S.K.: 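Provided herewith is a single structure, encoded as structure tokens, for subsequent inquiry.
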2 protein chains.
Amino acid sequence: MDIYQALRENVFKLVAFEEEEWKDFISYWRPVHIKKREYIIKEGQTEKYFYFVYRGVLRGYTTKDGDEISIGFTYDGDYSGAYDSFLAQQPSDFSMQAITDCELLRISYTDLMAMFDKYKSAERWGRIFNANILIGMARRQLEVRSFSAEERFERLATQSPHILQLVPQKYLASYLGMTPETFSRLRKKR
Amino acid sequence: MDIYQALRENVFKLVAFEEEEWKDFISYWRPVHIKKREYIIKEGQTEKYFYFVYRGVLRGYTTKDGDEISIGFTYDGDYSGAYDSFLAQQPSDFSMQAITDCELLRISYTDLMAMFDKYKSAERWGRIFNANILIGMARRQLEVRSFSAEERFERLATQSPHILQLVPQKYLASYLGMTPETFSRLRKKR
DNA sequence: TGCCGAAATTGATCTGTATCAAGTTTTTTC
DNA sequence: GAAAAAACTTGATACAGATCAATTTCGGCA
């Protein structure tokens with residue numbers, strides 16, 4: 001499937017645009033290719049773009065006392081970037097780096113805001129999209145607070161086994177809030 | 001200030017409604033009084049309402065192995081309820097209980113959705129409101145992951161000293177992800 | 001105002017996970 | 001395709017914060 005078609009299907013899951021509106025809306029999205037280890041945004045910058053991931057994996061992380069803490073990952077079909085920085089138009093607390101080569105589509109903040117002004121469908125899509133992100137964050141928040149390192153590992157391994165292949169272990173470890181050593185031991189124990 | 005006026009000012013901070021629209025919008029909100037220790041929602045129920053807190057303090061918590069884990073607190077001027085359950089219209093993973101007597105305004109899910117359909121201003125308010133909640137959650141997520149128990153206590157004490165008075169310590173302790181004993185020791189050390 | 005149950009404090013001990021260190025394996029690069 | 005760098009594993013030790021237990025203090029209410 002073509003990259004614009006992929007975005008279309010994804011957006012239409014939440015809101016069906018009129019064809020005229022959609023043509024206009026999609027015209028503001030631009031394809032971007034980035035290579036493994038390149039960044040779409042670095043800590044301290046303000047996020048100018050909102051990204052759709054057509055192919056690839058990205059990792060978000062912040063730094064604390066020189067160490068990296070992985071915040072999350074995005075895959076094919078996800079949206080990416082420092083979304084809170086984008087929304088607030090404030091400097092980001094984290095960086096977003098490609099773990100594999102990526103094909104992305106992006107729209108600028110100004111263009112997206114213009115779309116929100118212009119079309120009620122876009123406004124609605126924005127609201128529901130935010131709601132869905134929020135629901136996911138709430139779920140993850142509860143997850144982190146309710147489970148021990150071992151339990152979190154176990155849940156990741158059973159619920160998202162593909163991640164174990166895609167993402168280097170040291171990133172997964174810090175995502176789960178443990179050291180690579182602990183991660184390695186839990187994996188062995190399994 | 002009057003309870004409806006308080007909500008009006010709060011909503012208008014994000015979006016200025018037309019007067020006609022506002023009159024219609026506000027007519028769907030109903031005042032609710034609840035007493036200390038009463039619940040607005042219990043774990044397992046689906047949240048039917050979205051609340052505005054005019055006066056009072058509420059606590060959200062989930063249960064794990066019989067122990068309560070406090071998720072968050074809402075105060076005068078906040079919105080409350082199990083918002084993720086409300087948005088998804090799925091059973092809530094946590095309960096929301098009054099810590100003091102509370103005066104609230106609430107609107108039902110059906111009525112709010114009808115307002116979103118009817119007015120672009122409402123839709124926009126919904127989008128921006130969700131964005132703000134999301135930004136707050138992202139900040140807190142980073143907070144929990146980047147700091148030790150002692151650092152989290154210190155930050156709470158300096159950034160929100162009023163909470164230390166308003167909320168019983170055992171709730172704050174579990175909110176910060178530590179036992180009441182640890183909380184007590186950190187407080188003493190200060 | 002005084003009583004009772006809940007909340008907070010304090011001390012002693014335990015434990016899961018971090019840290020440090022030394023290999024081994026995998027990936028990158030030239 | 002060999003050398004260098006990075007990632008992962010494994011073992012030994014350290015420690016922050018949990019748990020358990022015994023008082024003390026506080027808050028609600030008769």
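Owing to the predicted nature of the structure, the values given are computational and were not obtained by experimental measurement. All chains are named by letter (A, B, ...) in the order of the sequence lines, taking the proteins before the strands, and each is independently numbered beginning at 1.
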S.K.: Using whole Å, report how far CG of A:D65 lies from C1' of C:dA18.
M.R.: 14 Å
S.K.: Hydrogens and angles aside, do B:Y54 and B:N10 bring a side-chain donor and acceptor to less than 3.5 Å of each other?
M.R.: no
S.K.: Please answer whether the main-chain N or O of A:E43 pairs with a side-chain N or O of A:S95 as donor and acceptor at a distance below 3.5 Å.
M.R.: yes
S.K.: Expressed as a whole number of angstroms, how long is the span from A:K189:NZ to D:dT10:P?
M.R.: 14 Å
S.K.: Under 4.0 Å between a side-chain N or O of A:S184 and OP1 or OP2 of D:dT9?
M.R.: yes
S.K.: Closer than 4.0 Å, any side-chain N/O of A:T182 to the OP1 or OP2 of C:dT17?
M.R.: no
S.K.: Using whole Å, report how far CD of A:E181 lies from C1' of C:dG23.
M.R.: 13 Å
S.K.: If we ignore hydrogens and angles and just use 3.5 Å, is the side chain of B:Q89 paired with the main-chain N or O of B:F86 as donor and acceptor?
M.R.: yes
S.K.: If the cut-off is 4.0 Å, is A:T179 near the phosphate of C:dT17, judged by side-chain N/O to OP1 or OP2?
M.R.: no
S.K.: Start at the 5' end of DNA chain D and walk down; is the nucleotide closest to B:G177 or to B:K36 reached first?
M.R.: B:G177
S.K.: Atom CZ of B:R187 to atom P of C:dT10: distance rounded to whole Å?
M.R.: 11 Å
S.K.: Do B:R55 and B:D101 sit within salt-bridge range, that is, some charged N less than 4.0 Å from a carboxylate O?
M.R.: no
S.K.: Can you tell me the distance, in whole Å, between the CZ atom of A:F183 and the P atom of C:dT19?
M.R.: 17 Å
S.K.: Could you tell me how far apart A:K188 (NZ) and D:dC8 (C1') are, to the nearest whole angstrom?
M.R.: 12 Å
S.K.: Fit a plane to each ring of B:W125 and B:F116, take the angle between them on a 0 to 90° scale, and name the class: parallel (under 30°), tilted (30 to 60°) or perpendicular (over 60°).
M.R.: tilted
S.K.: Within residues 143-173 of chain B, find the residues that approach DNA chain D with a heavy atom at under 4.0 Å, and present them sorted by residue number.
M.R.: B:S148, B:A149
S.K.: Under the 3.5 Å rule, do the base of C:dG16 and the side chain of A:R185 count as making a donor-acceptor pair?
M.R.: no
S.K.: Identify the two heavy atoms, one from B:G56 and one from B:T100, that lie closest to each other, and give their separation to 0.1 Å.
M.R.: CA-OG1, 3.3 Å
S.K.: Over how many whole Å does the gap from B:L186 atom CG to D:dA18 atom P extend?
M.R.: 9 Å
S.K.: Looking at the side chain of A:M178, which of C:dA18, C:dT29, D:dT10 is the nearest nucleotide?
M.R.: C:dA18
S.K.: Between OG of A:S27 and CG of A:D111, what distance do you get to the nearest 0.5 Å?
M.R.: 8.5 Å
